[in-house]
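Down below is the structure, laid out as structure tokens.
In this text the structure is predicted, and so the values were computed from the model without any measurement. Order of the sequence lines sets the chain letters (A, B, ...), proteins ahead of strands, with each chain counted from 1.
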Amino acid sequence: MPIERYNAAEAESRWQKVWDERGIFATPNTNLSKKYYVLEMFPYPSGRIHMGHVRNYAMGDVVARFKRATGHSVLHPMGWDAFGMPAENAAMERKVHPKAWTYQNIAAMKAQLKSMGLSLDWSRELATCDPSYYKHQQKMFLDFLRVGLVERKQSKVNWDPVDQTVLANEQVIDGRGWRSGAPVEQRELTQWFFAITKFAQPLLAALETLDRWPEKVRLMQKNWIGRSEGLLVRFALDPKTTPDGESELEIFTTRPDTLFGAKFMALSPDHPLAQAAAKKNPALAEFIAECKRHGTAQEIIDKAEKLGFDTGIKAVHPFDPSWTLPVYVANFILMDYGTGAIFGCPAHDQRDLDFVNKYGLGVTPVVCPPEQAPRSFVITNTAYEGDGRMINSRFLDGMTPAQAREDVARRLENEKRGDRPVAQRQVNYRLRDWGISRQRYWGCPIPVIHCAACGVVPVLEKDLPVTLPEDVTFDRPGNPLDHHPTWKNVSCPQCGGPGRRETDTMDTFVDSSWYFVRFTDPKNAAEPDDPKIADAWMPVDQYIGGIEHAILHLLYSRFFTRAMKQTGHVGIDEPFAGLFTQGMVVHETYSRQNGDWVSPAEVTIELEGETRRARLSTTNEPIVIGPIEKMSKSKRNTVDPDEIISAYGADVARWFMLSDSPPDRDVEWTERGVQGAARFVQRLWRLVGEAGEIGHGAPAARPAQFSPPALALRKATHKALANVGDAVEKLHFNVCVAHIYEFANTLNEVIGDADSEDGSVATDFTWAMREAADVLVQLFAPMMPHLAEECWATLGHDTLVAQAPWPAVERNLLIEDTITLPVQVNGRKRAEVIVPRDAANAQIEAAVLALDAVQKALDGKSPKKVIVVPQRIVNVVA
RNA sequence: GCCCGUGUGGCGGAAUGGCAGACGCAAUCGACUCAAAAUCGAUCGCCGCAAGGCAUGGGGGUUCGACUCCCUCCACGGGCACCA
């Protein structure tokens, strides 16, 4: 009987409806002893999903469905990272309200996601722009404020001149705003900060415990936090050369061992001593002003030449009162790292070397590389930053730099000036506090009120949430909240006098720093916001998303979770136990002769011998095939998931996304690959149909005995089951796909053999065939759930495969009675030998040496040694 | 500049220190067809008629045995970048 083609379009919407009606993916907050929380990074509602989303959510869905089948209570929710600039841009460009624009986009994208057949619990859907979401965020802000994790301080900030808002350090990439791409300027503003630096050490230390995170991400965070251990050293200043009120200069160094190589001191232009000295020195004041002028744009700082100005002040060397060092103001010293002052040792620091070479201050090497004679060791243009032995350093001579560092630290710690030690050990971090104030409308309002009498006053908890006004205008630059005629005018909660509402909103990265906790609380919970429920679900067992969030989102979320713990919102430290960073979806680029990009949909590819040629489908104009790049609107090399799904079905899109490349690498979207996936869908459909027919009459009870062909089939079935299960656990979806292909090929051969035998089929074989068909369907069900349901139904099941438990692997079927061992002679394969599984090594050795091929390879020589690796290989050494 | 990762057929890639190239894509030949598509069968790392040899970026090392471990060089990709 011919089998009809599988109609994806019809079947997919039908099964989606069944899943929906039966509510099988809704997760109750009960029975959490075996819980599994799988989460994909939630999308920004830009309006349409792209192939990156398809890849991300396909992976998460495989994990969710697999874990559900293996008996876990699975939480797999979806929501919307809904605040942000694009909504305001749309408002400015198209006169749509950001809220309307956002919710339209959410509706459109939700429909797209639904068409993918994802096993999501939509009852927990959330949008961060919803007051019922951000009221919790405002509450947490106030809790953080109370315990000192939120601070208000004046500081130099990164100002994005295009978006007219402040950016966090993490949001400045190559000196440009992460969103606008405009060169970032430095401005001095009073801003709200999350005190992420208070957790610098725990955030760093806990990276060691995140053993299910990619090494790369942990390293990136480690470098970003940037811990360095060093010494704070107080240098006395020569009073004759020093402005009134100043008597010493404190510096931070990680290389106290090089103290005898010091040639100068350098101050940041913002350093108080520099400012004090500038008051009496107009030339110095001008130099500092010049530094600041140059310092407005990050790009200029990056390229600036090292410049210094001698203040005339002299600092006294801590080990020699007669040795003084000139104090410079230098443009490359940062005020907000260490103390904003350094001592310069040119021999062993490239920047310092460049500086002394410019100003002629001399070089004395103090660390001599191994196997180099101290007398002949000279530094000219390249500083030596390696290890060795101390030279020219008095009592340190002969020590290693590590020993010298310890010796210097101990001596200066024990020496007092005034009532304090001259030096103390200090740990410094590169990490800066997280500035969250944004001068924008479409974000979470910061719930404080400014009062002339009382200062900054928190909004009362009963007045939360502070909601955004809807009647705002976007017809001029700046913050629409600030322009609003009445919104900011409120009375002070403390004194009742006139107050002004804070008009800054929070960085949208705050919204995404805790959404994973919010999902644990279903809307209809008896006790909303019960920390016990959050703790029962948290941490996220498997988090999946792009590597681009390695620092920003993932570090903020780690901080936020700790802050939530400190304020009693959760009981855990780390939000994501397992993290997987998937690769990008890439595609060939196409362009016309004049350089205009052309989308793949407009191009026809032809093969001319070995070379592929592209033409514009409409006019036959020749098209240049460009490099394979990340799908982007600007290069127009995108493929619309909607079009793929309507042409081939969601299962095909999902399958191809999972099949071609390892999930952490980039995958190239190709038409050929999609067609291959589509062919395989039809092949599986036919194969399951045929296997189902053979297995149709099988007895319900499992036969006591299996004939050799039936046993062989069962072995293949259980091997596939074990292999696919292992591969899914490791998220090796491409390997998983390969094993499914392999099993499908085997099953196809077995069916072919059974057909050719023509006649009645033994019942044990029909039973094994039915088992094989069931298992095959279950194996691909997490990846192609619609096809799987359709196949499952044709196999006569009245249950849903989405709810079927994962079959148990019968381990005894994986063990072979006889094994084929490869035989090597001197490491080169010469033969194979078939031996019983439990054969003794001596027995195997004898069998191997009797082989003709082995004797021939030995060529009359007698073997020196025979290495038998049980179950693996035999190697004869001659 | 510093740190990290990657390198395997025409392509994507597989391989607890144990048969390199599973599986897929592409290609070639054949069957079916009036023809095409679909489907099915065969071939498919390189050299060689073959026997055999050579092959996991290059070179060296450890090992009975190395894609896998170590050293070194090269290429590509990524992160950080006046952080003292």
Exercise answer: donor-acceptor pairs, residues 869-876 of chain A side-chain atoms, under 3.5 Å, sequence neighbours excluded:
from    : atom 1 : to      : atom 2 : distance (Å)
Q871(A) : NE2    : R837(A) : O      : 3.3
N875(A) : OD1    : G827(A) : N      : 3.1

Separation between the [atom1] atoms of [N] and [M], rounded to whole Å:
{"N": "rA22(B)", "M": "rU16(B)", "atom1": "P", "value": "15 Å"}
{"N": "rC29(B)", "M": "rA75(B)", "atom1": "P", "value": "41 Å"}
{"N": "rG18(B)", "M": "rC11(B)", "atom1": "P", "value": "26 Å"}
{"N": "rU68(B)", "M": "rG7(B)", "atom1": "P", "value": "11 Å"}
{"N": "rA42(B)", "M": "rG58(B)", "atom1": "C1'", "value": "38 Å"}
{"N": "rA31(B)", "M": "rA38(B)", "atom1": "C1'", "value": "14 Å"}
{"N": "rU39(B)", "M": "rC32(B)", "atom1": "C1'", "value": "9 Å"}
{"N": "rG45(B)", "M": "rA20(B)", "atom1": "C1'", "value": "10 Å"}

By side chain to side chain donor-acceptor pair (under 3.5 Å), which residues pair with [X], not counting sequence neighbours?
{"X": "Q855(A)", "answer": "none"}
{"X": "Y337(A)", "answer": "S228(A)"}
{"X": "K719(A)", "answer": "none"}

Indicate whether the side chain of [X] and that of [Y] have a donor and an acceptor atom separated by less than 3.5 Å.
{"X": "R683(A)", "Y": "N745(A)", "answer": "yes"}
{"X": "Q350(A)", "Y": "D354(A)", "answer": "yes"}
{"X": "R227(A)", "Y": "Q201(A)", "answer": "yes"}
{"X": "Q426(A)", "Y": "N428(A)", "answer": "yes"}

Of K829(A) and G676(A), the one whose closest RNA chain B nucleotide lies more 5':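 The residue whose closest nucleotide sits nearer the 5' end is K829(A).
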First encountered from the 5' end of RNA chain B, between L219(A) and D336(A):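 The answer here is L219(A).
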Set of ring-ring contact (aromatic ring centres under 6.0 Å, His included) partners for F332(A), sequence neighbours left out: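 ring-ring contact (aromatic ring centres under 6.0 Å, His included) list for F332(A), sorted by chain: F355(A).
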Protein-to-nucleotide contact annotation, 5' to 3' order, nucleotides 66-71 of chain B [B base; S sugar-phosphate only; - none; under 4.0 Å, heavy atom]: ------
Side-chain donor/acceptor contact of R679(A) with base of rU39(B) under 3.5 Å: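 In this structure, the two groups form no donor-acceptor pair.
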Taking any heavy-atom pair under 4.0 Å as a contact, classify [X]: base, sugar-phosphate, or nothing.
{"X": "R672(A)", "result": "sugar-phosphate"}
{"X": "I547(A)", "result": "nothing"}
{"X": "L334(A)", "result": "base"}
{"X": "R830(A)", "result": "sugar-phosphate"}

How long is the line joining [atom1] of [X] and [atom2] of [N], in whole Å?
{"X": "Q221(A)", "N": "rC80(B)", "atom1": "CD", "atom2": "C1'", "result": "14 Å"}
{"X": "I225(A)", "N": "rA81(B)", "atom1": "CD1", "atom2": "P", "result": "14 Å"}
{"X": "E548(A)", "N": "rG77(B)", "atom1": "CD", "atom2": "C1'", "result": "16 Å"}
{"X": "D270(A)", "N": "rC82(B)", "atom1": "CG", "atom2": "C1'", "result": "14 Å"}

Base orientation of rG9(B), syn vs anti, 90° cut from 0: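 For rG9(B), whose glycosidic angle is within 90° of 0, the conformation is syn.
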Quick check on [N]: is either OP1 or OP2 less than 4.0 Å from any side-chain nitrogen or oxygen of [X]?
{"X": "R351(A)", "N": "rC2(B)", "value": "no"}
{"X": "Y337(A)", "N": "rA84(B)", "value": "yes"}
{"X": "R828(A)", "N": "rC54(B)", "value": "yes"}
{"X": "K856(A)", "N": "rG52(B)", "value": "yes"}

Out of [options], which nucleotide sits closest to the side chain of [X]?
{"X": "K216(A)", "options": "rG78(B), rU16(B), rA22(B)", "answer": "rG78(B)"}
{"X": "V735(A)", "options": "rC23(B), rA14(B), rA84(B)", "answer": "rA14(B)"}
{"X": "R686(A)", "options": "rC40(B), rC80(B), rC19(B)", "answer": "rC40(B)"}
{"X": "I551(A)", "options": "rC3(B), rC82(B), rG79(B)", "answer": "rG79(B)"}
{"X": "E742(A)", "options": "rC23(B), rC3(B), rA84(B)", "answer": "rC23(B)"}
{"X": "Y741(A)", "options": "rA84(B), rG53(B), rC23(B)", "answer": "rC23(B)"}

Within 45° cone and under 6.0 Å: R5(A) NZ/CZ vs W685(A) ring: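 Judged by the rule, R5(A) and W685(A) form no cation-pi pair.
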Secondary-structure notation, RNA chain B, from Watson-Crick and G-U pairs under 3.5 angstrom (| other strand): (((((((..(((.....[....))).(((((.......))))).(((....)))..(((((..]....))))))))))))....
Side-chain donor or acceptor of Y359(A) paired with backbone N/O of G308(A) under 3.5 Å: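 Here the side-chain-to-backbone pair exists.
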Members of residues 658-670 of chain A that approach RNA chain B, where some heavy atom sits under 4.0 Å away: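 Nucleic-acid contacts, sorted: D660(A), S661(A), P662(A), R665(A).
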Review item, nucleotides 62-65 of chain B N/O atoms under 3.5 Å of protein N/O:
from    : atom 1 : to      : atom 2 : distance (Å)
rC64(B) : O2'    : N875(A) : ND2    : 3.2
rC64(B) : O2     : N875(A) : ND2    : 2.7

Any D336(A) side-chain heavy atom under 4.5 Å of R432(A) side chain: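 They are in contact (side-chain heavy atoms under 4.5 Å apart), so the answer is yes.
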Partners passing salt bridge (Lys or Arg N to Asp or Glu O under 4.0 Å) against R55(A) (at least two apart in sequence or in another chain):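 R55(A) satisfies salt bridge (Lys or Arg N to Asp or Glu O under 4.0 Å) with no residue once adjacent residues are dropped.
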Under 3.5 Å, which donor-acceptor pairs link side chains of residues 338-349 of chain A to any protein atom two or more places apart or in another chain?
from    : atom 1 : to      : atom 2 : distance (Å)
T339(A) : OG1    : E250(A) : O      : 2.7
T339(A) : OG1    : A341(A) : N      : 3.4
T339(A) : OG1    : A341(A) : O      : 3.4
H348(A) : ND1    : Y384(A) : O      : 2.7
H348(A) : NE2    : V366(A) : N      : 3.0
H348(A) : NE2    : V367(A) : N      : 3.0
D349(A) : OD1    : R351(A) : N      : 2.9
D349(A) : OD1    : R351(A) : NE     : 3.4
D349(A) : OD1    : D352(A) : N      : 3.1
D349(A) : OD2    : R351(A) : NH2    : 3.0

Minimum-distance pair of heavy atoms, taken over all atoms of N637(A) and E588(A):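 That would be CB-O, 3.3 Å.
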Under-4.0 Å salt bridge between R218(A) and E208(A):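 Here R218(A) does not pair with E208(A) in a salt bridge, since their nearest N and O are not under 4.0 Å apart.
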For a quick test of your reading: what N or O donor-acceptor pairs under 3.5 Å do the side chains of residues 668-681 of chain A make, sequence neighbours left out?
from    : atom 1 : to      : atom 2 : distance (Å)
T670(A) : OG1    : G673(A) : N      : 3.0
E671(A) : OE2    : Y648(A) : OH     : 2.7

